[in-house]
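Labels below follow one simple rule: chain letters A, B, ... track the order of the sequence lines, proteins then strands, and each chain is numbered from 1. Every heavy atom of this structure was used, including side-chain atoms; hydrogens, water molecules and symmetry mates were not.
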Number of protein chains: 2
Amino acid sequence: MSDRQSLPHAPANADAATLAAALAHTILSGRWACGDTVPRELDLCEHFGVSRNRIRNALATLSACGLIERTAGRGTVVCDISEWHLLDPNMSLWLSRLETPHPRLVNEVFAFRLAAEPYVSELAARAATALDLAQIESAFNGMCDTAHDPAQRSAHIDHDVAFHDAIYRASHNLVWRQMGILLRPSIVALIQRSHHRVDRLDDSLERHRRVLEAIRMRQPDAAREATEHVLARTATDLELSGRPPELRPGVNITP
Amino acid sequence: MSDRQSLPHAPANADAATLAAALAHTILSGRWACGDTVPRELDLCEHFGVSRNRIRNALATLSACGLIERTAGRGTVVCDISEWHLLDPNMSLWLSRLETPHPRLVNEVFAFRLAAEPYVSELAARAATALDLAQIESAFNGMCDTAHDPAQRSAHIDHDVAFHDAIYRASHNLVWRQMGILLRPSIVALIQRSHHRVDRLDDSLERHRRVLEAIRMRQPDAAREATEHVLARTATDLELSGRPPELRPGVNITP
DNA sequence: AATATAATAATGTCTGATATTTACCTCAAC
DNA sequence: GTTGAGGTAAATATCAGACATTATTATATT
């Protein structure tokens, strides 16, 4: 049972999106665990000082993400992490705002990227249009411009996300491009954990540049390999425990 | 502009889920195209004979799936297919109910499966627990029992979906298991298009059996190969146009 | 002609009452 | 003691109507 003490904060007269983010935060951070009962609507109304309507909208958003399950008469209970819809854009936003992201989530999202992203780059090298390329390049330039200024870290993250997302889009496959949604939480977690050493940053930028170049030159194999190198750098920065899963047996990534 | 004639049907006093399905159907089937304006709430209320509340709930569901965009003052417009959240469970259900599914969607979902599913089986062969295995086997037995009875086609589809979904789950990766959501529309489209010849069915079942066996025996490579063979059979049944994308360059699938 | 202003039309929100579902408790019957 | 029927309470779901907000469009005004 989630106790009244643990109710999240929100600015007065917050809109439904803000309320949803606040409530989602308490679940994603683990303060409300699977099976816990969420306070009833009227209590939430009173706590946040908003109408029941807004609370219901916020809870409907959480319900659509698989974070909670609501049934008339019983109440609202928190769902297990395996029920969460990780690919909902709302989830992406909320996850990327956590100060201490779910370690299991970070690891498993990264395991996915490690397996999938080289292949996505391969697709992008085959299918990217000039416009796709322009967007990848623009994001890359943004990364370079903001790399060495700690005050622009947030902008740097945005460009980093945009870079990888543009590659997912350039695959021109409706399914793979959806997976770009996962990038933001993964990249934010990376930046938070990494050491911001200048030599590492420059090395990372150079690896990104090679991906861009390979896609531009329509070289799928080179794009795959370059992406593997980007992710290898990311893996060491994340200090991932355990062995990374191999997409192809027998291929070793040398960081 | 979507014209009043083209409004979908729904049983009297339909609940919000039914209304959402009916409205989604008209979009997914292409009768309302990108950029069209959806009738305003009050007209929908009158047409379906329900309260504004239900209409708003139904539209909120569609909005959460990226099918429509609503803005106060302007109205509700249909979004482009690239905006749709294909991995929302609602979308999976709605898509699988279309009599003539979006051809682009079928092709691209299948392209994804062709690239990803062998790798997922590999993961499953490494990570599957006894319980996972039991669920895969149970689904397989269900497929066998219902294979040769046209009256049980619906049950057969359910078992087919359950078989592949159980493998995605057995990967024990939170991201890959989400992709199991895509299976139902893909498999329904397959069954609709295939020719239901007894020899093909038996062959398909045998290929499924080999996947199950490889996962049981913890043989990742065999599981990958067996899954490639299942998908190759599926590809010929789907009569896919164009070359299937290769996950690994240089590996050819021989149906 | 350009800009400010008002009217209009749509979605968004609030409020309070009511309906429906579920869980739990009580009490009788076997 | 267990089972079943019934009743009560508590929570979410729904309804109806008024009002607020936003975006567009028409209309004055300079």
Q) Could you go step by step and tell me if A/I81 and A/W84 meet the side-chain contact (heavy atoms from CB on, under 4.5 Å) rule? A) CA-CA 5 Å; A/I81 188 174; A/W84 298 356; 3.5 Å; yes
(Q) Does this structure show an ion pair linking A/D165 with A/R177, if we count only N-O contacts that are shorter than 4.0 Å? (A)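 Salt bridge flag = no for A/R177 with A/D165.
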What protein N or O atoms touch nucleotides 14-22 of chain D N or O atoms at under 3.5 angstrom, if any, and at what distances?
| unit_1 | atom_1 | unit_2 | atom_2 | d |
| --- | --- | --- | --- | --- |
| D/dT14 | O4 | A/R52 | NH1 | 3.3 |
| D/dC15 | OP1 | B/R54 | NE | 3.1 |
| D/dC15 | OP1 | B/R54 | NH2 | 3.1 |
| D/dC15 | OP2 | B/S51 | OG | 2.4 |
| D/dC15 | OP2 | B/R54 | NE | 3.3 |
| D/dC15 | O5' | B/S51 | OG | 3.2 |

Q. So which one's nearest nucleotide on DNA chain C is more toward 5', B/L59 or A/T71?
A. B/L59
Q. Between A/S96 (side chain) and A/S92 (backbone), is there a donor-acceptor pair under 3.5 Å?
A.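 The answer is yes, because a donor-acceptor pair under 3.5 Å joins these two groups.
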Between [X] and [Y], does any side-chain donor sit less than 3.5 Å from a side-chain acceptor?
X      : Y      : answer
A/H159 : A/D145 : no
B/D15  : B/T18  : yes
B/D160 : B/H156 : no
B/N141 : B/S138 : no

Q.
Please verify the inter-ring angle class for A/H9 with A/H47; under 30° counts as parallel, over 60° as perpendicular, anything in between as tilted.
A. tilted
(Q) At a heavy-atom distance below 4.0 Å, which nucleotide of DNA chain C is the first touched by chain B, and which is the last? (A) C/dA10 to C/dT13
